[in-house]
Structure formats: structure tokens, C-alpha cells
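Let me begin by presenting the structure, written as C-alpha cells, before commenting on it.
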2 protein chains.
Amino acid sequence: MTRGRAEDPDHVVELLWREGAAEPRPGLSLDRIVRAGVELADAEGLAGLSMRKVAERLGFTTMSLYRHVPGRDQLIDLMCDEVAGETAGGSAAAGDGWRARLEACARAGWELRRRHPWLAEVRGGRHVPGPNIIARYEQMLSTVTDTGLTPAEVIAVVGLVGRFVDSEALLLVEAAETERRSGVSEEEWWGGRDTLFERLYGYPTLTRLWEQGGFDRPEDPFEFGLARLLDGIELLIRQRYESRDETGGCVVCGAPVDQPAAGRPRAYCSASCRQRAYRRRTAGQD
Amino acid sequence: MTRGRAEDPDHVVELLWREGAAEPRPGLSLDRIVRAGVELADAEGLAGLSMRKVAERLGFTTMSLYRHVPGRDQLIDLMCDEVAGETAGGSAAAGDGWRARLEACARAGWELRRRHPWLAEVRGGRHVPGPNIIARYEQMLSTVTDTGLTPAEVIAVVGLVGRFVDSEALLLVEAAETERRSGVSEEEWWGGRDTLFERLYGYPTLTRLWEQGGFDRPEDPFEFGLARLLDGIELLIRQRYESRDETGGCVVCGAPVDQPAAGRPRAYCSASCRQRAYRRRTAGQD
DNA sequence: AAGTTCTGTTTATGGCGTACACACGGTGTA
DNA sequence: TACACCGTGTGTACGCCATAAACAGAACTT
């Protein structure tokens with residue numbers, strides 16, 4: 001079952017889709033390992049996730065894990081997809097506009113990261129996405145496909161919002177993790193940095209903001225950032241909508257149009273795009 | 001010189017400000033170690049930065065470093081401040097509006113991270129900021145203090161933009177690092193993931209975007225995100241500006257005003273805020 | 001019944017940060 | 001001048017990590 005070695009991403013694909021899934025038997029299994037990994041990371045963060053500790057938690061030796069999982073990185077991939085399947089995703093109804101739907105997706109991602117903070121800590125490129133992660137991505141993409149944005153813009157919007165959620169979650173995770181390890185709260189620690197604060201005078205803006213209490217009653221970084229981000233995206237969508245008939249490109253996907261439709265008010269690159277525009281208009285979505 | 005042990009952040013403060021700086025002598029020195037660390041991280045990423053390798057590069061034993069630096073984490077703090085001093089910061093003139101100035105800061109941060117990709121990889125809370133980092137922060141804050149935003153909003157805006165830059169830089173770093181280590185380019189790797197792509201049919205939005213070439217000609221994530229972010233911030237600033245006379249709070253900092261200035265069109269919480277508003281109007285900045 | 005495969009264990013390698021005891025040279029004091 | 005001290009660099013050692021390789025027993029196949 002583990003013939004493909006750690007080097008082989010195709011093997012991870014098989015594991016993610018649970019191919020060759022044996023019915024539950026006593027002893028180790030992929031699911032048990034993944035679940036133990038999730039529990040451990042929930043409790044101790046991604047840095048605390050070691051093969052030793054996962055094995056210990058299950059009552060087996062370290063190396064026994066390698067019979068079911070190629071390695072630590074792949075275990076993390078599996079854990080990500082595991083927890084991505086926990087809730088369906090957004091909580092916005094289909095009738096809502098793109099903004100409500102995209103915001104719901106962002107909040108769903110935020111919730112997920114509050115349940116499993118280590119998600120935001122996952123680093124490194126080339127993670128093989130599993131079915132649950134793909135489903136979430138698909139859903140997020142679908143929130144903004146009917147907005148007049150080009151395909152590349154749709155992808156960019158979803159990536160931007162996704163990385164924003166990750167970035168803000170990471171902020172909290174790192175604070176919490178440091179607090180857990182050191183036993184000293186964030187405020188206590190900064191409160192003790194007198195020798196540092198001494199040096200901050202002479203920076204006029206910083207001290208003025210400090211004196212005005214800007215650091216005492218901060219904005220919620222997630223709420224604040226999400227609002228700004230959605231506003232920025234809304235502006236783009238409005239621009240695309242207002243200039244929808246003037247551009248030379250396809251009204252739907254922005255791709256160049258072979259024969260610029262002279263006289264005709266709207267230009268499509270393909271029949272499928274024309275169809276989509278029609279459906280969009282008749283569905284009456286924003 | 002290293003009496004304060006690794007536990008003591010005040011010691012790091014002293015090191016960051018180079019207190020007790022001996023004149024250059026042969027042998028090891030804090031500066032030499034920090035510079036070697038920067039070179040190493042530039043070449044091999046933050047994961048490749050080990051005390052052993054830094055020492056090796058300098059021709060000393062590993063433990064010799066600990067005579068000058070409390071530990072690896074603190075070395076990283078020192079490295080961050082070192083490179084933060086490389087360029088003054090933004091390249092926008094003082095006469096420009098907030099948007100040009102904030103954008104220049106963001107681009108300066110982006111440039112810095114392109115020169116030193118490991119900056120984006122630095123993780124963990126409670127990093128003691130050094131003089132150069134504080135100077136950059138001060139400058140970034142000053143770009144949006146004269147916009148009518150509340151102090152908390154100013155701080156939130158700067159944090160948001162800062163984390164955005166980090167997040168986008170991290171995206172590139174991780175791709176480049178994986179490519180460097182594996183010897184396989186991003187495109188080649190994804191190109192070989194046939195068994196994964198097979199499973200993507202059935203996700204209609206995803207496949208449509210794929211067929212429309214959205215993944216082939218992607219938006220530049222940094223440029224795209226920066227534009228959206230600044231647009232969103234601009235909207236907030238406009239809102240604050242338009243409602244500047246209606247709110248009960250201070251026009252400048254938003255803090256509550258003791259005696260709501262009845263009849264008077266503008267309310268200030270303090271003389272300094274009134275003064276700032278005056279200067280702002282006469283300076284004619286946006 | 002014999003062979004093969006699947007599963008878990010044992011042992012070992014090489015990397016990491018860093019605690020601790022030590023060695024050596026220069027400097028200040030008796 | 002002698003001696004103690006301190007700043008600086010070294011050598012050894014510990015405990016953690018991922019994982020390669022060889023092995024042992026059970027289960028299933030033929």
C-alpha cells in the first residue's frame with residue numbers, strides 16, 4: 001500500500017482519495033494516524049507535531065507510521081484535507097449576491113482556522129490538494145464567477161482572500177502559541193519591555209498614536225481587513241460592470257474577441273460565454 | 001557581554017542598538033555573525049540557516065557564536081533589523097498624497113523581500129523590533145495619519161498592508177525554495193500531476209476557469225492585491241472624510257469629544273488635534 | 001504446505017539547538 | 001612580579017527530530 005515512496009506525489013493523491021481503502025481493522029490505519037495528527041496539532045501546534053508523538057499517542061513505534069504514510073509532509077497534506085471536510089463551507093444562501101457569498105466563504109475559512117490553528121502554520125509549496133480542499137476552492141471560485149471579472153481575476157480574488165484569511169489566522173496562532181509556551185501573556189510581555197519603549201520617543205507618529213490610545217483599543221484585524229478587501233474587490237467588479245460594453249475583449253471572460261463585433265453592443269469570445277452572459281442576465285444576480 | 005541569557009529580551013534590545021559596541025577587532029563580532037547569517041539565509045532560506053553553518057562560514061566553531069548572540073531566534077531578530085536598514089524606505093515625495101506614499105512603502109517592503117526572501121519566512125510572535133524596523137514602521141504609519149482615520153484605523157491599515165506584503169512574498173519564496181531543493185520547476189511539477197487533474201472534472205467552475213485559460217495567464221498576485229487593498233482603504237478614507245462633520249467624535253482622531261461642540265461645525269478632542277487639522281488643511285494634502 | 005505480502009519493530013544515521021566544562025590570553029590588582 | 005579574573009573560543013555531550021534499512025511474525029494465496 002505504500003509502494004510509492006515519499007518522492008511520488010501520485011501516491012499522496014491515492015491516499016487523499018483513500019484508494020485501496022481496506023475496511024476498518026484493528027491496528028494502525030491511515031485514518032487513525034491522520035486523526036491522531038489532527039488532535040496533536042490542535043493541542044500543540046504544527047511545530048509540536050512529530051512522528052514520534054503521533055505514534056506514541058496511538059501506542060505504536062515511530063516507524064510503524066511509515067507503513068501507512070510516506071512521511072511527515074504528506075501526513076500534513078492529509079490532515080489539511082481531513083479538517084477541510086468538517087463543514088460544508090459557506091453559510092450564505094444561493095440567492096445572495098457575490099459579496100455575501102464570498103464573505104461567507106472567508107468566514108468559514110476563518111472559523112476552520114480557529115478550530116485548527118495549525119492550518120495557518122502549514123508552509124511550503126506544492127501541497128497536493130485533496131477532495132475536500134478542492135471542493136472548498138471550487139465553492140469559493142463560484143462565488144465570483146458571475147461578476148463580470150475575467151477568469152484570471154476570479155482566481156486572483158479567491159487567492160487574495162484566501163491568503164488574507166491565512167495571514168490573519170497566523171497572527172493569532174503565533175501569539176497564542178508563544179503565550180502557551182512561555183506562560184507569559186502578550187500584554188504582560190510587552191508591558192515589561194521598558195527598555196524598548198524608552199527608545200520609541202523620537203518617533204513622533206508612533207508616540208502620537210500611542211498617546212491617542214490607538215494601541216489600547218485596536219481594530220479587529222480580521223474584520224477590518226476583510227471589509228477593506230471586499231470593498232476593493234467590489235470597486236473592481238463595479239468597474240468591470242460599468243465598462244462591460246466598451247471593452248474590446250469578451251464581456252464575460254475578457255479574452256480577445258476574434259472579429260470585433262462592430263455595431264453590436266456586446267462582444268463574446270465564444271458561444272459558451274454568450275450563453276453564460278444570457279443565463280447571468282436572466283438569473284438576475286448582481 | 002552576553003551576561004543576559006537567551007531568556008532576557010532586554011539583552012536583545014541592547015544588542016539591536018549595539019550597546020557596549022567594541023571597536024572592530026580581529027576575531028568574531030556581532031556584526032560579522034549577523035552579516036554571515038544574512039548571506040546564508042539569502043542563499044539557502046531560513047530553514048537552511050543553522051548555527052553550525054553560520055559558524056562554518058566564519059571559520060569558527062558552532063559554540064563560539066553563543067559568546068555574541070544569545071541564540072538562533074535572537075540572531076534572526078538581529079538579521080531582520082540589519083536588512084531593514086538597507087534602504088531608507090519609500091521613494092515617494094512628501095508632497096504626494098497618502099496613497100502614493102503608502103504604495104511606495106508597500107513596494108519598498110516588497111523589494112526588500114525580493115532581496116532577502118527569508119524575511120517573509122520569519123515566524124513566531126514577540127520579535128523585538130530594532131531601530132531600523134521601527135523607523136520603517138514609523139514611516140509607514142506617517143503615510144496615513146493625516147487622512148482622517150482614527151489612530152486604531154491607522155494602525156490597522158499599516159498592519160494590513162504589511163501582512164499582505166509578507167503573505168505575497170511568502171508565496172514566491174516557498175515556490176522558489178521548493179524549486180531549488182527539488183530541481184523541478186513549478187510548471188513541470190504540476191504538469192506531471194495527471195492523476196490529480198483527472199479528479200478535477202466534475203468541479204464545473206474550476207474546469208471552466210481552466211478551459212478559459214485563467215490559470216495560464218494569471219494576474220500578478222502582488223499588483224492585483226495591492227490595487228484592491230488600496231482601493232478598499234481609499235473608500236474608508238473617503239467615508240471618513242465625507243462624514244467628518246457629522247460624527248460626534250473628534251474629527252482628527254475619532255476619540256470622544258468632551259463637550260459636543262454645539263453649533264460649531266468641527267469637533268476636536270484636544271488642542272493638538274485641532275492644530276493637526278489646521279496644518280492638514282493648509283498643507284492641502286488629500 | 002509453501003511462498004508471498006502486509007504490518008510493525010529494531011537499529012542506526014545525520015541533522016539540529018544549545019548546556020556545560022574547559023583552555024588560553026590579556027588586564028587589573030596585590 | 002605574581003596572581004586572580006574575565007573575555008573569548010573550543011570540545012564534548014544531550015535530547016530532539018525525520019527517516020533509511022534490515023528484520024520478524026502474521027495473514028493470505030496458491
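For clarity, every value in this text was computed on a predicted model and none was experimentally measured.
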C/dT9 phosphate, OP1 or OP2, under 4.0 Å from A/Thr61 side-chain N/O:
yes
Could you pull out all residues at least two apart from B/Phe222 that satisfy ring pair (Phe, Tyr, Trp, His ring centres under 6.0 Å)?
B/Trp110, B/Phe164
Expected list for residues 175-182 of chain A near DNA chain C, using heavy atoms below 4.0 Å, is none
To the nearest angstrom, how far is A/Arg32 atom CZ from C/dT7 atom P?
12 Å
For atom CG of A/Leu65 and atom P of D/dT19, their distance in whole Å:
11 Å
Given atom CG of A/Asp73 and atom P of D/dC17, what is their separation to the nearest angstrom?
16 Å
For B/Met79 and B/Gly37, which heavy atoms make the closest approach, and how far apart are they?
CE-O, 3.4 Å
Strictly under 4.0 angstrom, non-hydrogen atoms only: write out the protein contact profile of nucleotides 11-16 of chain C, one letter per nucleotide from the 5' end, B, S or -.
B----B
Could you tell me whether B/Asp10 and A/Arg193 make a salt bridge, using a distance below 4.0 angstrom between a side-chain N and a carboxylate O?
yes
If every non-hydrogen atom of B/Leu30 is compared with every non-hydrogen atom of B/His68, which pair is closest and at what distance?
CD1-O, 3.6 Å
A/Arg67 atom CZ is separated from D/dT19 atom P, nearest whole Å, by 15 Å
B/Ile33 CD1 to C/dG17 P, in whole Å, measures 14 Å
Can you tell me how far the OG1 atom of A/Thr205 sits from the CD atom of B/Glu138, to the nearest 0.5 Å?
3.5 Å
Does the pair A/Lys53/A/Glu56 count as a salt bridge with the N-to-O cut at 4.0 Å?
no
May I have the distance from B/Leu30 (atom CG) to D/dG7 (atom P), rounded to whole angstrom?
16 Å
Please identify each residue that fulfils side chain to side chain contact (heavy atoms under 4.5 Å, CB included) with B/Pro218, with sequence neighbours left out.
none
Check whether any side-chain nitrogen or oxygen of A/His68 sits under 4.0 Å from OP1 or OP2 of C/dC6, and answer yes or no.
no
What is the distance, rounded to the nearest whole Å, between atom OH of A/Tyr66 and atom C1' of D/dT19?
5 Å
By side chain to side chain contact (heavy atoms under 4.5 Å, CB included), A/Glu111 pairs with (sequence neighbours left out) A/Arg114
Nearest whole angstrom, please: distance from the P of D/dT8 to the CG of B/Leu58.
16 Å
Can you name the residues that form a ring pair (Phe, Tyr, Trp, His ring centres under 6.0 Å) with A/Tyr203, not counting sequence neighbours?
none
